[in-house]
Amino acid sequence: MNSVHTLMTNQQSLTQLTETIYCVAIPVPFRRLKVVNCYLIQDHDEWSIIDTGANIPQAQSIWQTALEQLQIQPTAIRQIILTHIHPDHFGLAGWLQQYATEAPVLVSPYATAFAEIIWRDGRTDYGDVENFWLKTGLDDGMQARWDAGMAEMRQIVLPYPTHIKPLTPNSMLTIGRYDFQIIDTPGHSDGHVILYDQQTKLVLVGDQVLPKITPNIGQWPGTLPNPLGRYLNSLHELKRVEVNLALPGHGPIISNWSERITEIEQHHAERLAHMKEAVSMPATAYQVSRHAFDYKTLDQYEIQFAVSETLAHLEYMVSQHEIQRHNNGVWRYERRET
Ligand SMILES: [Zn+2]
């Protein structure tokens, strides 16, 4: 690998990572995340973009500067690849596609189907949204807040791309010297994929494995069952993949791949043990989340994350027969006596 050097020193937005891969750090409008790492890969006179940022003016201007800096003409952009459909990764895909004179946007088939419902059509009738928050034990007003929050998110992911091509798990995608294997990596977001090059052992890992924070694993309205179980299985498989350099969606590059995965596994083991303690008496996901998170530091939006993450852990323990769920409209969890 070549030495890492920064092309723009003022905001350090554009960084060359290898001979043909650049990272563009795009600011995101979320309190706890400063930037999302997007990547540009050069293949002779063509470029591929991996992940895009949310559609806010500051993000557009960083992209414009980066593209100018590297002298990338709109017609030189071959494709826009998305690891998953969260707003900070998906949001500028449509805008960049307009710039890139209709280059295709590549998304996994499952993620595309869900993005069409929530982002393109703005529908809220997916999954069990209606009763979802009531089941978690959050109060009645949650439904309206959820709808308002999703409408707000939708504003930063439009325009919706006009031309989407499937990025199919287990297929190969060659970009320059890299022959990327597309690997399905569930847990953080349904339909999340990563791009792995076996020869250089380089992986574009999206939000599946992050260096500084643990990826949010939440059960949300519309999420497939047992996201934490699927995530831990995915980590178990990824740990066996030989990786020299992982380029994550947030934070610095990861060079201690298997150690970092072990740390994330340990984090979840601790969380699970803590939450199991909290259900010696029947408790809702909301009640357990108040034990597991410091509510004094959370705003209304972050409380949704705390509850959804707690729910994922509780449902995982139900799947492992460690705790049981009582359902009478509200879900209450209780430890099984052994
Ligand atoms: Zn994400």
Does the plane of the ring in Trp331 sit parallel, tilted or perpendicular to the ring in Tyr333? Use 30° and 60° as the thresholds. perpendicular
Look only at the side chain of Gln64 and the backbone of Leu67, and say whether a donor-acceptor pair between them is shorter than 3.5 Å. no
Distance-only side-chain donor-acceptor flag, Glu237 / Asn233, under 3.5 Å: no
Test: ring pair (Phe, Tyr, Trp, His ring centres under 6.0 Å). Region: residues 23-73. Which pairs qualify, not counting sequence neighbours? Tyr22-Trp47
Ser189-Tyr110 side chain donor-acceptor pair, cut-off 3.5 Å: no
If we count only N and O atoms by modelled type, under 3.5 Å, do the side chains of Asn216 and Glu309 hold a donor and an acceptor together? yes
Can you pull the salt bridge (Lys or Arg N to Asp or Glu O under 4.0 Å) pairs that have at least one residue in residues 193-215, sequence neighbours excluded? none
Do any N or O atoms from the side chain of Arg154 and from the backbone of Arg120 form a donor-acceptor pair under 3.5 angstrom? yes
Not counting sequence neighbours, which residues clear side chain to side chain donor-acceptor pair (under 3.5 Å) with Glu302? List them please. Arg31, Arg32
Just checking, is any N or O donor in the side chain of Ser289 or Tyr295 under 3.5 Å from an acceptor N or O on the other one? yes
Treating Asn37 as the side-chain partner and Gly251 as the backbone partner, does any N or O pair qualify as donor plus acceptor under 3.5 Å? yes
For Pro215 versus Ile264, what's the shortest heavy-atom pair and its separation? CD-CD1, 4.2 Å
Keeping Asp43 on the side-chain end and Asp45 on the backbone end, is there a donor-acceptor pair under 3.5 Å? no
Phe114 six-ring centre to Arg123 NZ/CZ under 6.0 Å and within 45° of normal: no
Would you say the side-chain atoms of Thr284 and Lys135 include a donor-acceptor pair closer than 3.5 Å? no
Non-neighbouring partners of Arg260 that pass salt bridge (Lys or Arg N to Asp or Glu O under 4.0 Å), sequence neighbours left out: Glu263
Indicate yes or no for a side-chain donor-acceptor contact from Gln181 to the backbone of Gln198 under 3.5 Å, with no hydrogens or angles considered. no
Would you indicate whether the side-chain heavy atoms of Phe90 and Asp51 approach each other to under 4.5 Å? no
Sort and list the pairs that fulfil ring pair (Phe, Tyr, Trp, His ring centres under 6.0 Å) and have at least one residue in residues 196-246, not counting sequence neighbours. Trp146-Trp220, Trp220-Phe305, Tyr231-His268
Regarding Gln219 and Ser308, do their side chains bring together a donor and an acceptor under 3.5 Å, going by distance alone? no
Applying salt bridge (Lys or Arg N to Asp or Glu O under 4.0 Å) as the test, list every pair that has at least one member in residues 174-185; sequence neighbours left out. none
side-chain contact (heavy atoms from CB on, under 4.5 Å) with Ile21: of Leu202, Leu245, Leu40, Thr15, only one passes, and it is Leu202
Quiz question: by atom type and distance under 3.5 Å, do the side chains of Glu334 and His326 form a donor-acceptor pair? yes
Hey, are the side chains of Ile182 and Asn170 touching, using non-hydrogen atoms and a 4.5 Å cut-off? no
When every non-hydrogen atom of Val279 is compared with those of Ala283, the smallest separation belongs to CG1-CB, 4.3 Å
Can you tell me if Glu152 has over 12 outside heavy atoms packed within less than 6.0 Å of its CD? no
Do the side chains of Tyr178 and Leu173 get nearer than 4.5 Å, heavy atoms only? no
Between Pro161 and Val105, what is the shortest heavy-atom contact and its length? CB-CG2, 3.8 Å
Lys165 atom NZ, neighbour heavy-atom count above 12 within 6.0 Å: no
Do His86 and His188 have side-chain atoms, one donor and one acceptor, less than 3.5 Å apart? yes
When you check the gap from the basic side-chain N to the acidic O, do Glu322 and Lys276 get nearer than 4.0 Å? yes
Check for a donor-acceptor pair, side chain of Asn226 on one end and backbone N or O of Gly229 on the other, with a separation under 3.5 Å. yes
Would you mind reporting whether Val203 and Leu195 have side-chain heavy atoms less than 4.5 Å apart? no
Backbone of Pro225 reached by a side-chain donor or acceptor of Arg230 within 3.5 Å: yes
Does Glu46 reach the main-chain N or O of Ala76 with its side chain, forming a donor-acceptor pair under 3.5 Å? no
Check for me whether the distance between the ring centres of His192 and His89 falls short of 6.0 Å. no
